[in-house]
A.B. asks: 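Supplied in structure tokens, the structure appears directly below.
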Amino acid sequence: MKLLDYLKNNLLYLDGGMGTLLQAEGLQPGEHPERWNYEHPEVIVKLQKMYFDAGTNLIISNTFGANVLHFELEELDKIVKHALENARTAAAESTGTQEKFVALDIGPTGRLLKPYGDFDFEEAVAVFAETVKLGVKYGADAIFIETMNDSYETKAALLAAKESSDLPVLVSNAYSEDGKLMTGASPAAMVAMLEGMGADAIGVNCSLGPKALAPIVEQYLEKASVPVLLKPNAGLPRDVDGKTVFDVLPDEFSDDVAELVKKGVRICGGCCGTTPDYIRATVAKTKDLTPVEVTKKNITCVSSYTHAVEFGASPILIGERINPTGKKRFKQALVENDIDYILNEGLAQQEKGVHILDVNVGLPEIDEVEMLKKVSFELQAIIDLPLQIDTTDVAAMEQALRRYNGKAMINSVNGKEENMKAIFPLVKKYGGLVVALTLDENGIPDTAAERVAIAEKILKTAESYGIEKKDIIFDTLAMAISADPNAAFATVNSLKEIKERLGCHTSLGVSNISFGLPNRDFVTSTFFVMALENGLSAAIMNPHSADMMKTYYAYRALHGYDENCADYINFASNFVPAATAGAAAPQPAATQQEFKSALQKAVVKGLKEQAGELTAKLLEETAPLEIVQNEIIPALDIVGKGYEAKTVYLPQLLMAAEAAKSAFEKIKAAMSTGNGGTAAKCSFVLATVKGDIHDIGKNIVKLLLENYGFDVVDLGRDVAPELVLEEVKKLHAPMCGLSALMTTTVPAMEETIKLVHAEAPWCKVVVGGAVLTQDYADRIGADKYAKDAMEAVRYADEVNASLK
Ligand code: B1M
């Protein structure tokens with residue numbers, strides 16, 4: 001029987017942890033477990049047979065880290081071949097009579113994708129594809145993508161699985177305790193993206209025990225229309241005397257998993273710390289339960305790398321400003337490749353409270369494929385709103401969708417046969433919510449009835465591509481009332497019928513209605529209400545228009561979408577009448593953030609180029625160190641606090657660090673002439689301690705020391721104590737400096753100080769970094785605590801003077 005057929009009527013049991021079992025069999029720390037597939041196949045077969053004997057249906061091959069980043073292709077081939085053979089042998093040798101399957105396991109690469117890391121998305125797809133092809137070659141029944149804590153890498157793996165095989169794909173993510181992936185995705189965002197791309201089952205594994213994972217699993221069950229899987233740890237791992245221990249025992253584990261099976265989980269197993277006993281107990285407690293039917297949830301939504309936006313309740317606003325039509329300055333930005341200008345348009349609309357950003361960069365004189373790819377990539381690096389990819393160029397559409405980190409809104413398809421033939425395969429492959437325009441080969445019909453007929457044709461064709469009704473949103477096209485007095489009625493009447501009779505959601509570019517009239521927003525905002533009253537779900541609009549935003553907030557309050565009228569009150573109390581403040585719309589207070597300066601904002605928002613430019617300007621009248629102290633450090637503090645409060649996620653932290661670096665480059669250049677005298681001074685060994693990769697502060701210290709004539713040997717970041725000692729001894733350096741930013745890396749600092757003091761007693765150790773205090777520095781035995789870079793220089797000068 002095929003795996004997916006079996007899953008239709010049965011619970012599917014997975015295996016449990018392998019790591020601890022392999023260690024018990026002699027796997028050494030640092031050794032690749034994947035090599036055991038051919039070095040010790042008998043051990044792998046034995047362990048996997050134990051799982052089959054315990055009731056497992058689907059064994060996940062021992063190939064978690066098997067990819068071309070870790071192994072040469074020839075060895076990879078051997079590993080995958082043996083891994084699948086071992087699992088098959090285990091199935092054959094097991095006495096269990098249940099259905100048995102073997103999945104190719106794919107784990108994360110361990111590298112962070114661009115723009116946050118240095119790993120290219122297409123490179124990641126290619127890496128995963130190599131392993132997938134081998135899985136197909138050696139007869140896997142399915143692909144199991146697991147323990148992914150980044151949505152973008154998950155997408156790369158799923159895309160590779162889909163492009164290189166026809167096998168069922170199960171996708172499992174590892175969530176942190178805050179219920180989000182490390183890079184910020186919510187369960188709803190993952191469900192939207194993975195289902196859109198055609199994953200056959202989705203869910204969670206690793207990191208936490210079944211109790212802690214329950215709220216996350218429940219969100220999957222609420223949103224997912226495919227089977228949900230659960231593979232928890234035996235609780236949260238703890239370190240006891242250097243050994244990892246897990247607190248949840250098989251009995252409690254299986255009770256908790258059984259509860260979630262009753263709620264709808266269809267695939268279950270165990271992850272770290274679990275053994276065949278956990279699976280046996282789970283099977284015993286769930287095998288007589290009737291599997292909960294997997295139902296279609298019919299959720300119309302799009303998603304970004306952090307969250308999903310659902311259609312159907314409160315109206316959705318789609319910002320229309322990233323579009324060159326009628327905008328001279330925007331066109332210039334496109335021609336001059338001024339990406340920051342475009343990013344700022346996005347940020348400004350986000351601040352006004354839109355939910356989705358439309359992205360249109362079509363201009364005859366530029367390469368739209370490259371520009372759309374670039375702009376959508378840069379936008380999703382700094383803005384966490386879902387994007388509406390808006391282009392008539394199919395190649396540009398495909399490139400942007402491919403790299404989009406989430407489920408995009410696709411603008412658009414229409415009723416022309418040719419157009420549907422080009423767009424629907426992209427919707428099917430990459431997932432997405434497609435805007436369908438009610439026009440066809442004969443143009444835009446005048447009547448509502450004809451537009452609805454086109455909508456019906458589009459729905460039927462979409463179905464033939466396997467695209468569901470929920471993933472189509474109709475735009476019944478607003479035409480100018482200045483040209484046709486019945487234009488508004490034709491549009492809203494077709495909206496109403498599409499909503500009520502066809503049961504679909506709708507969107508409209510509302511501004512077009514007032515084309516050719518003075519004071520257009522008067523008309524547009526009234527039309528907006530008409531459309532909303534007739535079933536409009538989303539409007540593509542200008543959030544800088546006070547009239548539009550007034551209408552939006554008032555409409556929500558009047559329709560009960562705004563509890564206690566809180567959003568309306570926020571909006572209206574900040575409202576400044578146009579007569580005194582121009583026509584700009586006030587911002588909803590919820591999205592306002594005060595910044596002391598433009599540079600601070602650029603760093604916090606992660607605008608690299610702008611941060612560099614603003615720093616260069618500021619340097620004309622401000623001392624470099626003042627900029628560091630008063631602008632850059634406070635900006636990074638804002639991001640750091642946001643990170644702690646879980647309002648900012650790792651990607652934003654990384655982008656802010658990149659922006660700070662680009663500001664710092666300018667500061668470095670400005671200081672290169674030196675202001676502290678260039679007389680040669682002694683050598684100074686500098687490092688960020690082991691386990692810590694924060695080096696912005698250390699680099700400032702380096703720059704200043706060099707400026708003051710010290711011969712700095714910078715060992716970089718994440719530096720082992722032994723390496724610091726080796727360099728100190730080699731140079732007989734009278735001083736070394738250590739930086740640490742995290743409470744977790746202060747012990748490494750202490751270890752380094754002890755080693756240097758013991759083996760190189762002549763060397764003074766100065767320490768710094770935001771996590772340290774004088775008291776802390778004293779406790780770990782530092783010779784000097786420097787609260788900032790300048791203090792480190794003053795101390796170095798003292799030591800240097802004492803050498804003479
Ligand atoms: Co992260 N990070 N970070 N981070 N990061 C902190 C430090 C954190 C406090 C944020 C928070 O939660 N509020 C937190 C640590 C919490 C803790 O203590 N346990 C944290 C965390 C948790 C993490 C990660 C674990 C996140 C994750 O992956 N889930 C991860 C850790 C990776 C690792 O190190 N193993 C991580 C990663 C990163 C980025 C890569 C994204 C990026 C670093 C980029 C880089 O450095 N190349 C980053 C950033 C930017 C920060 C914050 C926001 C800013 C740090 C910074 O550069 N400040 C930070 C929050 C914060 O500090 N507000 C945070 C500006 C810099 C100029 O200040 O280094 O203090 P500072 O240097 C000053 C002085 O302290 C002094 O002089 C400098 C100038 O006056 N000084 C010295 C520094 N070293 C000195 C040495 C001296 C003398 C003076 O003598 C030798």
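When reading the values below, keep in mind they use all heavy atoms of this one structure, side chains included, and skip hydrogens, waters and symmetry mates. We count ligands from 1, going down the list as the structure has it; atoms in each ligand are counted the same way. Throughout, residue positions are numbered sequentially from 1 according to the sequence presented.
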A.B. asks: Going by the atom numbers of ligand 1, which of them fall below 4.0 Å from some non-hydrogen atom of Q629?
C.D. replies: 80 (O)

A.B. asks: Looking only at protein heavy atoms, identify the closest one to atom 78 (C) of ligand 1 and say how far it is in Å.
C.D. replies: G697 CA, 4.0 Å

A.B. asks: Taking the six-membered ring for Trp and the single ring otherwise, decide whether the centroids of Y152 and F121 are under 6.0 Å apart.
C.D. replies: yes

A.B. asks: With L705, which of L703, V701, N707 fulfils side chain to side chain contact (heavy atoms under 4.5 Å, CB included)?
C.D. replies: V701

A.B. asks: I'd like to check atom 9 (C) of ligand 1 in this structure: does the protein have a heavy atom lying under 4.0 Å from it?
C.D. replies: no

A.B. asks: Looking at L650, L654, V648, which one forms a side chain to side chain contact (heavy atoms under 4.5 Å, CB included) with Q652?
C.D. replies: V648

A.B. asks: Is it the case that ligand 1 has an N or O less than 3.5 angstrom from some N or O of D637?
C.D. replies: yes

A.B. asks: Could you list the atoms of ligand 1 found under 4.0 angstrom from a heavy atom of D788?
C.D. replies: 76 (C), 77 (O), 80 (O), 89 (C)

A.B. asks: Before signing off on this row, confirm whether T744 and ligand 1 have an N or O atom pair separated by under 3.5 Å.
C.D. replies: no

A.B. asks: Out of all atoms in ligand 1, which are within 4.0 Å of some heavy atom of L650? Include the element for each.
C.D. replies: 26 (C), 27 (C), 28 (O)

A.B. asks: Return a yes/no value: protein heavy atom under 4.0 Å from atom 27 (C) of ligand 1?
C.D. replies: yes

A.B. asks: N/O to N/O below 3.5 Å, does that happen between I700 and ligand 1?
C.D. replies: no

A.B. asks: Looking only at atom types and distance, does a side-chain atom of E658 sit under 3.5 Å from a main-chain N or O of K608, one as donor and one as acceptor?
C.D. replies: no

A.B. asks: Kindly identify the option in T183, L741, I696 whose heavy atom sits closest to atom 69 (O) of ligand 1.
C.D. replies: L741

A.B. asks: Checking contacts now, so for atom 89 (C) of ligand 1, which I'm interested in, is there any protein heavy atom under 4.0 Å?
C.D. replies: yes

A.B. asks: Taking it one step at a time, do M735 and F710 satisfy side-chain contact (heavy atoms from CB on, under 4.5 Å)?
C.D. replies: CA-CA 11 Å; M735 260 177 300; F710 287 92; 4.0 Å; yes

A.B. asks: Any idea which protein heavy atom is nearest atom 79 (C) of ligand 1, and the distance to it?
C.D. replies: I633 CD1, 3.9 Å

A.B. asks: What atoms of ligand 1 come closer than 4.0 angstrom to any heavy atom of A657?
C.D. replies: 42 (C), 44 (C), 50 (C)

A.B. asks: Evaluate the salt bridge (Lys or Arg N to Asp or Glu O under 4.0 Å) criterion for residues K754 and E750: first the C-alpha distance (whole Å), next the side-chain angles of each, then the deciding distance (0.1 Å), finally the verdict.
C.D. replies: CA-CA 6 Å; K754 287 206 168 112; E750 182 174 13; 3.0 Å; yes

A.B. asks: What is the closest protein heavy atom to atom 47 (N) of ligand 1, and at what distance does it sit?
C.D. replies: D695 OD1, 2.7 Å

A.B. asks: Could you tell me whether D637 and K641 have a side-chain N and a carboxylate O separated by less than 4.0 Å?
C.D. replies: no

A.B. asks: Any ion pair linking K601 and E351 (charged N to carboxylate O, less than 4.0 Å)?
C.D. replies: yes

A.B. asks: Atom 2 (N) of ligand 1: which protein heavy atom is closest, and how many Å away?
C.D. replies: H694 NE2, 3.1 Å

A.B. asks: If only atom types and distance count, is the side chain of S172 paired as donor or acceptor with the main-chain N or O of T147 below 3.5 Å?
C.D. replies: no

A.B. asks: Heavy-atom distance to atom 52 (C) of ligand 1: which of L704, L636, L738, T688 wins?
C.D. replies: L636

A.B. asks: Examine the proximity of ligand 1 to T743 and report which part, side chain or backbone, both or neither, has a heavy atom under 4.0 Å away.
C.D. replies: both

A.B. asks: Between M790 and ligand 1, find which residue part has any heavy-atom pair under 4.0 Å and reply side chain, backbone, both or neither.
C.D. replies: neither

A.B. asks: Return the closest protein heavy atom for atom 12 (O) of ligand 1 as residue, atom name and distance.
C.D. replies: Y643 CD2, 3.3 Å

A.B. asks: Is any side-chain heavy atom of F119 less than 4.5 Å from a side-chain heavy atom of L69?
C.D. replies: yes

A.B. asks: Heavy-atom contacts under 4.0 Å between R717 and ligand 1: side chain, backbone, both, or neither?
C.D. replies: side chain

A.B. asks: If you define the side chain from C-beta out and look only at heavy atoms, does anything of L181 sit under 4.5 Å from Y175?
C.D. replies: yes

A.B. asks: So if I count the atoms of ligand 1 from 1 in the order they appear, which ones are less than 4.0 Å from some heavy atom of V701?
C.D. replies: 82 (C), 85 (C), 86 (C), 87 (C), 88 (C), 89 (C)

A.B. asks: Quick check for you: to the nearest 0.5 Å, what is the distance between L686 atom CG and E727 atom CD?
C.D. replies: 11.5 Å

A.B. asks: Examine A770 against ligand 1 and note whether any of their N/O atoms are separated by less than 3.5 Å.
C.D. replies: yes

A.B. asks: In terms of residue, atom name and distance, what is the protein heavy atom nearest to atom 15 (C) of ligand 1?
C.D. replies: M742 CG, 3.7 Å

A.B. asks: Would you confirm whether T274, through its side chain, and A234, through its main-chain N or O, come within 3.5 Å as a donor-acceptor pair?
C.D. replies: no

A.B. asks: Establish whether atom 59 (C) of ligand 1 and some protein heavy atom are separated by less than 4.0 angstrom.
C.D. replies: no

A.B. asks: With a 4.0 Å cut-off on heavy atoms, is K787 touching ligand 1?
C.D. replies: yes

A.B. asks: Using 0.5 Å steps for rounding, measure from the CG atom of D695 to the NZ atom of K661.
C.D. replies: 5.5 Å

A.B. asks: Could you tell me whether G640 and ligand 1 have an N or O pair separated by under 3.5 Å?
C.D. replies: yes

A.B. asks: Quick one: do N205 and E146 satisfy side-chain hydrogen bond (donor to acceptor under 3.5 Å, both in side chains)? Show the steps, please.
C.D. replies: CA-CA 7 Å; N205 76 295; E146 62 151 315; 3.2 Å; yes

A.B. asks: What are the atoms of ligand 1, with element, lying closer than 4.0 Å to any heavy atom of D692?
C.D. replies: 34 (O)

A.B. asks: Which atoms of ligand 1 have any heavy atom of A786 under 4.0 Å away?
C.D. replies: 88 (C), 89 (C)

A.B. asks: Of the side chain and backbone of V639, name the one, both, or neither that has a heavy atom under 4.0 Å from an atom of ligand 1.
C.D. replies: neither

A.B. asks: Just do the salt bridge (Lys or Arg N to Asp or Glu O under 4.0 Å) check on E122 and R403 with the steps written out, would you?
C.D. replies: CA-CA 8 Å; E122 290 297 351; R403 287 167 183 77; 3.3 Å; yes

A.B. asks: If only side-chain N and O atoms count, and only distance matters, is there a donor-acceptor pair under 3.5 Å linking T183 with D150?
C.D. replies: yes

A.B. asks: Relative to atom 81 (N) of ligand 1, which among A687, S739, G769 owns the nearest non-hydrogen atom?
C.D. replies: G769

A.B. asks: Who's the nearest protein heavy-atom neighbour of atom 39 (C) of ligand 1, and how far?
C.D. replies: L654 CD2, 4.2 Å

A.B. asks: Please indicate whether K690 has more than 12 foreign heavy atoms, meaning atoms of other residues, nucleotides or ligands, lying under 6.0 Å from its NZ.
C.D. replies: no

A.B. asks: At a 4.0 Å threshold, what atoms of ligand 1 neighbour a non-hydrogen atom of A789?
C.D. replies: 77 (O), 80 (O)

A.B. asks: Please report whether ligand 1 has a polar contact with I693, defined as an N or O pair separated by less than 3.5 Å (distance criterion only).
C.D. replies: yes

A.B. asks: Does a salt bridge link K617 with E613, judged by any charged N lying under 4.0 Å from a carboxylate O?
C.D. replies: no

